[in-house]
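First comes the structure, then the notes that go with it.
What you see below is based on every heavy atom in this structure, not just the backbone, and it leaves out hydrogens, waters and symmetry mates. Below, read A as the first sequence line, B as the second, and so on, with proteins coming before strands; counting in each chain starts at 1.
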Number of protein chains: 2
Amino acid sequence: MPLDRRSGCPINLSLEVFGDRWSLIILRDIIFGGRRHFRELLNGSMEGIASNILADRLKRLMELGMLTKADDPSHKQKAIYSLTEMAIALVPILAHLGAWGRVWLPTREELSIRAELLERGGPPMWEKFMDELRHEHLGTPLDAASGPSVRATLQAAYEAVVAEKARSASPAA
Amino acid sequence: MPLDRRSGCPINLSLEVFGDRWSLIILRDIIFGGRRHFRELLNGSMEGIASNILADRLKRLMELGMLTKADDPSHKQKAIYSLTEMAIALVPILAHLGAWGRVWLPTREELSIRAELLERGGPPMWEKFMDELRHEHLGTPLDAASGPSVRATLQAAYEAVVAEKARSASPAA
DNA sequence: TGCAACCGATTGCAAAATGCAATCAGATGA
DNA sequence: TCATCTGATTGCATTTTGCAATCGGTTGCA
């Protein structure tokens with residue numbers, strides 16, 4: 001897309017941000033996977049992003065104001081990527097996107113259980129998750145006595161499905 | 001992205017559907033702009049899609065089950081593209097996407113007024129709109145006495161902003 | 001009947017984006 | 001010392017995109 005023909009339509013501008021194959025995958029891994037480092041994103045993503053594309057997209061997402069980069073105090077070469085409020089605000093979109101994909105596309109059960117839980121949790125759960133992300137990435141205070149984190153809840157559900165599938169695949173051991 | 005490394009993650013699969021620059025723009029023009037023909041989509045979109053890309057994406061969206069094509073009885077060469085339920089189900093995502101873009105990106109006021117109204121209308125308005133789209137594209141019956149259509153409401157708001165801007169730009173006439 | 005305008009595409013070609021493997025220089029831990 | 005790990009970068013082949021021209025057929029009008 002040539003830069004001289006952008007329209008000011010919100011949907012079009014949104015597509016300029018993540019209307020490509022990788023930007024939203026990276027944000028997904030940071031948000032739901034809790035990944036903060038280059039290598040974690042490079043090796044951790046199921047889809048196998050190339051390192052030059054990852055570097056390019058991280059740079060682009062920083063320029064767009066969706067991510068910030070900081071030195072990791074424990075390792076002079078490590079960089080920690082953090083979400084901005086702009087990126088955290090994508091959580092409802094990701095929740096809807098996951099819900100839509102779960103219904104209409106051939107998703108795998110263990111990978112769609114998180115989308116299902118997030119959909120069932122609805123806006124209250126999204127808000128809680130966003131608050132946890134703000135705490136994790138922006139250092140804002142967190143409400144006390146809020147129970148297990150949303151990410152831990154989603155992760156536990158994922159692992160339960162994986163375990164159940166393994167059990168039913170080989171019932172006797 | 002090579003086809004042999006797709007993951008069954010709902011977000012990843014969703015991105016395979018509209019993780020590109022144009023697919024969602026086309027759907028936007030059909031949904032909000034009411035466009036049904038090739039030429040309408042070609043000339044009507046603000047972003048100026050190329051005809052080969054448009055043809056390719058229409059074909060792809062049909063293969064994915066998001067669109068269907070039918071002959072226009074009034075013109076032997078005209079084709080009418082219709083949304084499927086799968087595509088109509090994107091309305092909440094488009095609403096969220098518009099709302100997000102309106103807040104975080106440099107949208108133009110007259111183009112973002114629709115997103116604002118759609119956000120304010122919330123899920124009830126989205127449902128009404130989806131029902132109207134089902135009527136328009138799938139031929140399902142429509143609830144009577146439902147007032148002006150959502151699309152007409154959004155269009156009227158857009159035109160009001162345009163008129164207001166023109167008035168304030170040249171107050172004396 | 002002739003003919004310009006319109007219909008949904010398709011073609012050829014240049015430019016840009018992507019995928020992939022190899023590699024970089026500096027930091028770390030043994 | 002030296003293998004390993006850090007966030008990237010480079011070169012190159014492949015794929016996708018942008019763009020203008022064009023295609024065969026249809027339509028409305030004179």
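- Atom CD of A:Glu40 and atom P of D:dC5 are 14 Å apart (whole Å).
- A:Trp22 places no side-chain N or O within donor-acceptor distance of the main-chain N or O of A:Ile53, the cut-off being under 3.5 Å.
- The CD atom of A:Glu47 sits 16 Å away from the P atom of C:dT18 (whole-angstrom rounding).
- Between B:Arg57 atom CZ and C:dG8 atom C1' there is a gap of 17 Å when expressed in whole angstrom units.
- The interatomic distance linking B:Arg21 (CZ) with C:dA15 (C1') rounds to 17 Å, in whole Å.
- For B:Ser51, taking side-chain heavy atoms from C-beta onward, the closest of the listed nucleotides C:dT18, C:dT28, D:dA21 is D:dA21.
- Summarising the geometry, the separation between CG on B:Asp71 and P on D:dG25 is reported as 17 Å, rounded to the nearest angstrom.
- The side chain of A:Lys78 sits closest to D:dG7 out of D:dG7, C:dG19, C:dG12.
- Phosphate proximity of D:dG18 to B:Trp22: present, with a side-chain N or O under 4.0 Å from OP1 or OP2.
- Classification of the A:His96-B:His96 ring pair by plane angle, with boundaries at 30° and 60°, yields tilted.
- Spacing between atom NZ of B:Lys76 and atom C1' of D:dT27 amounts to 11 Å, rounded to whole angstrom units.
- In this structure, B:Phe129 has its ring center closer than 6.0 angstrom to the ring center of B:Phe32.
- Side-chain atoms of A:Asn52 lie closest to C:dG19 of the nucleotides D:dG7, C:dG19, D:dT17.
- Across C:dC7, D:dG7, D:dT9, the shortest atom-to-atom separation from the side chain of A:Ala55 is found for D:dT9.
- Atom CD1 of A:Ile49 is separated from atom P of C:dT18 by 10 Å (rounded to the nearest Å).
- When heavy atoms are screened at a 4.0 angstrom cut-off, B:Lys69 is found touching the sugar-phosphate backbone but no base atom.
- As a whole-Å value, the separation of B:His37 NE2 from C:dA5 P is 21 Å.
- Checking D:dG7, C:dT18, D:dG18 against the side-chain heavy atoms of A:Ala79 singles out D:dG7 as nearest.
- When each of D:dT26, C:dG8, D:dG7 is scored by its nearest atom to the side-chain atoms of A:Phe38, the top-ranked nucleotide is D:dG7.
- Of all nucleotides listed (C:dG8, D:dT26, C:dT10), D:dT26 comes nearest to the side chain of B:His75.
- Looking at A:Gln77, its side chain has no donor and acceptor atom pair within 3.5 Å of the base of D:dG7.
- Salt-bridge formation is not detected for the pair B:Glu40/B:Arg36: no Lys NZ or Arg NE/NH1/NH2 atom is positioned less than 4.0 Å from an Asp or Glu carboxylate oxygen.
- Comment: A:Asp56 does not engage A:Lys59 in a salt bridge, judged by the lack of any side-chain N to carboxylate O separation of less than 4.0 angstrom.
- Each of C:dG26, D:dG7, D:dT17 was ranked by its minimum atom distance to the side chain of B:Ile53; first place goes to D:dT17.
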